[in-house]
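Convention: sequence-line order gives letters A, B, ...; per-chain numbering from 1. All heavy atoms count here, side chains included; hydrogens, waters and symmetry mates do not.
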Amino acid sequence: MKKKADSIRFSAFQLRVWEAALKIPFGSTRSYSWVARRIGSPQAVRAVGTALKNNPYPLVIPCHRVVKSNGDIGGYSRGRKAKEQLLELEKGMKNMFCLKGDISIE
DNA sequence: TGTCCGCGGGTGT
DNA sequence: ACACCCGCGGACA
C-alpha cells in the first residue's frame, strides 16, 4: 500500500482479506487461518492479521469477527475489550431478532 | 502453559 | 536491497 495523497490505493491481498472478512456471517466468528485459506494463501495467516489491522473502516469491515484458531480472542486495533464487546453485541442482537442460524451476506 | 520459529506481506531505511 | 514488524499458528517441552 502506497501512502500518498491518493489514499485509495490498497494491495490486492488486502482487498481479498477484507472481502473474505465481509463474508463472515453476522454474530459469528472465523479464524485468521480460515481467512488465509479462503483467499488462497493458507500460510499467510500473519499477513492476514496485518491486513485486517490496516483496514480503513474497522466497523464496516467486520474484522472483529476474526479470532485466533486456538480459541483466544486475538488482537484488535481499538483494543481487545472493544472487540469482545462487539462480538457480545452482535450475539445479543442476533438473539434479539430471534435468529436461529447465521446470516449470510452474499 | 510458555517459548520459539517460520510464515507472507507491508513499511521504513 | 535489507531489516525489521505483525491483530498468527503449530510444534515442542
Pair A:Tyr57-A:Trp18, ring-ring contact (aromatic ring centres under 6.0 Å, His included): steps then yes or no: CA-CA 10 Å; A:Tyr57 307 108; A:Trp18 301 335; 8.8 Å; no
Between the protein and nucleotides 2-4 of chain C, which nitrogen or oxygen pairs come in under 3.5 angstrom?
none

[X] [atom1] to [N] [atom2], straight-line distance once rounded to whole Å:
X	N	atom1	atom2	value
A:Lys53	B:dT11	NZ	P	10 Å
A:Phe13	C:dC6	CZ	C1'	12 Å
A:Ile39	C:dC8	CD1	C1'	13 Å
A:His64	C:dG7	NE2	C1'	14 Å
A:Leu15	B:dG9	CG	C1'	14 Å
A:Leu52	B:dG10	CG	C1'	14 Å
A:Asp72	C:dC6	CG	C1'	15 Å

Selection from C:dG7, B:dG8, B:dG10 that lies nearest to any side-chain heavy atom of A:Asn55: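 Per side-chain heavy atoms of A:Asn55, the pick is C:dG7.
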Step-by-step salt bridge (charged side-chain N to carboxylate O under 4.0 Å, His left out) determination, A:Glu19 to A:Lys23: CA-CA 7 Å; A:Glu19 187 182 1; A:Lys23 293 191 176 75; 3.5 Å; yes
Pairwise N/O distances under 3.5 Å, protein to nucleotides 1-5 of chain B:
none

Linked hydrophobic residues, A:Val45 as query - side chain contacts closer than 4.5 Å: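 Members besides A:Val45: none; it forms no cluster.
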Sugar-phosphate only, base, or nothing, as touched by A:Ala47 at under 4.0 Å among non-hydrogen atoms: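 A:Ala47: base contact, heavy atoms under 4.0 Å.
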Qualifying residues under side chain to side chain donor-acceptor pair (under 3.5 Å), relative to A:Lys68, sequence neighbours excluded: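 Partners of A:Lys68 under the side chain to side chain donor-acceptor pair (under 3.5 Å) test: none.
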Base-pairing string, 5' to 3', of DNA chain B - Watson-Crick or wobble, under 3.5 Å, | interstrand: ||||||.||||||
Could you list the protein-to-nucleotides 9-13 of chain C atom pairs, N/O on both sides, closer than 3.5 Å?
residue, atom, partner, partner atom, Å
C:dG9, OP1, A:Ser69, N, 3.3
C:dG9, OP1, A:Ser69, OG, 3.4
C:dG9, OP2, A:Ser69, N, 3.2

Note, A:Ser69 side chain near A:Ser33 side chain (heavy atom, < 4.5 Å):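 Side chain of A:Ser69 against side chain of A:Ser33, heavy atoms only: contact under 4.5 Å found.
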